[in-house]
Protein chains: 2
Amino acid sequence: MESTTRIFKALSEPIRLRIVNLLLRGERCVCDLMEVLTMPQSTISRHLAYMKNAGLVKGRRRGVWMYYRLAVGNSGLHEKLLTILASWLPQTVEAKSDLKRLASLLRHKDSSSCQTNYPEKEL
Amino acid sequence: MESTTRIFKALSEPIRLRIVNLLLRGERCVCDLMEVLTMPQSTISRHLAYMKNAGLVKGRRRGVWMYYRLAVGNSGLHEKLLTILASWLPQTVEAKSDLKRLASLLRHKDSSSCQTNYPEKEL
DNA sequence: TCTACTTATCCGCATATGCGGATAAAAGCA
DNA sequence: TGCTTTTATCCGCATATGCGGATAAGTAGA
């Protein structure tokens, strides 16, 4: 029950729900997240640390970049939560506008900056 | 999104999840909740006020007693949350023991004290 | 109205957490 | 090693929230 309330806490800030929304489309590095969400890097990293501690996301280092992705649900509740978030989040105005900004960012990004090896889901 | 994070916050304390669990079986007055959860009345009332403010529960006064019940989900997400909580909560040890204590309380309760008019779900 | 019972709110206190600038740490490259 | 880039953590500060005893408010009955 404690681990469940930690997940709920991790979902209790709008900015963190927006991060979840972005990670639903694949892993992202901190620099992309801060650009899309237009928040200072320390703020983004702090939220990611909080979500990681709650078991909501996982991080993978690749060179200087840290890529974060959603952790697969390790309990029935966690898994179902991700499912309903995946169906609900994209309807929200914040999510839609973030995804637009992300798509534009990926289009114009310098190819020498952070890239993911993983196939992206459609934006 | 703001209203959603308020619901998540309302679900972010173990004691509040235990209240949700009890309310899944029907409405309950504050005095029953404080007895089952063995917490002081001010603590129970404070949590109920928080949950009510988040739209998670509703209160109904009947004489001196206040009966609280789960609010029906007014958004798709809210509704789905209640559904998965209803399937997950009863599996937890805390929920099981609370339901036992509730059943025993209802058995031995003085019939002159608070009663509900609504049919109870099976304990 | 006075009293008893139930619940809501207030109070002081402690902790958790948010913010964002500043600084430290990690990694890669020359 | 020294420099650059990216990310993590630290810092001081402000706010939110938890706790439970004390008190206020609401209700019913004598």
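Just so we're on the same page: letters track the sequence lines, and every chain starts at 1.
Taking 4.0 angstrom as the limit, A:Tyr68 places none of its side-chain polar atoms (N or O) nearer than this to OP1 or OP2 of D:dT6.
If you take CE of B:Met34 and P of C:dT6, they are 9 Å apart, rounded to a whole angstrom. Rounded to an integer number of Å, the gap from CD1 of B:Ile44 to C1' of C:dA8 is 14 Å. Straight-line distance from the CZ atom of A:Arg60 to the C1' atom of D:dT6: 15 Å, rounded to whole Å. The separation between A:Leu37 atom CG and D:dT7 atom P is 13 Å, rounded to whole Å. Going from atom CE of A:Met66 over to atom P of C:dA25 covers 17 Å, rounded to whole Å. In this structure, CG of A:Asn53 is placed 13 Å from P of C:dA16, rounded to the nearest angstrom.
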Next item on the list: Take B:Ser45 and B:Val30, measure what side-chain contact (heavy atoms from CB on, under 4.5 Å) needs, and give me the verdict at the end.
Entry: CA-CA 7 Å; B:Ser45 283; B:Val30 176; 3.9 Å; yes
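The closest side-chain heavy-atom distance from B:Leu81 to B:Ile7 is below 4.5 Å.
Looking at residues two or more places apart in sequence or on another chain, you find no ring pair (Phe, Tyr, Trp, His ring centres under 6.0 Å) involving A:Tyr50. For A:Gln91, the side-chain contact (heavy atoms from CB on, under 4.5 Å) criterion is met by A:Trp88, not counting sequence neighbours.
Salt-bridge annotation for A:Glu13 and B:Lys9: present, with a side-chain N of the basic residue lying under 4.0 Å from a carboxylate O of the acidic one.
Nearest nucleotide to the side chain of A:Trp65, out of D:dT7, D:dA8, C:dA8: D:dT7.
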Next item on the list: Can you check each nucleotide of nucleotides 18-28 of chain D against protein heavy atoms at under 4.0 Å and return B for base, S for sugar-phosphate only, - for none, in 5' to 3' order?
Entry: SBBBB---BBS
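Judged by distance alone, with hydrogens and angles left aside, the side-chain atoms of A:Ser87 form a donor-acceptor pair with the main-chain N or O of A:Ile84 at under 3.5 Å.
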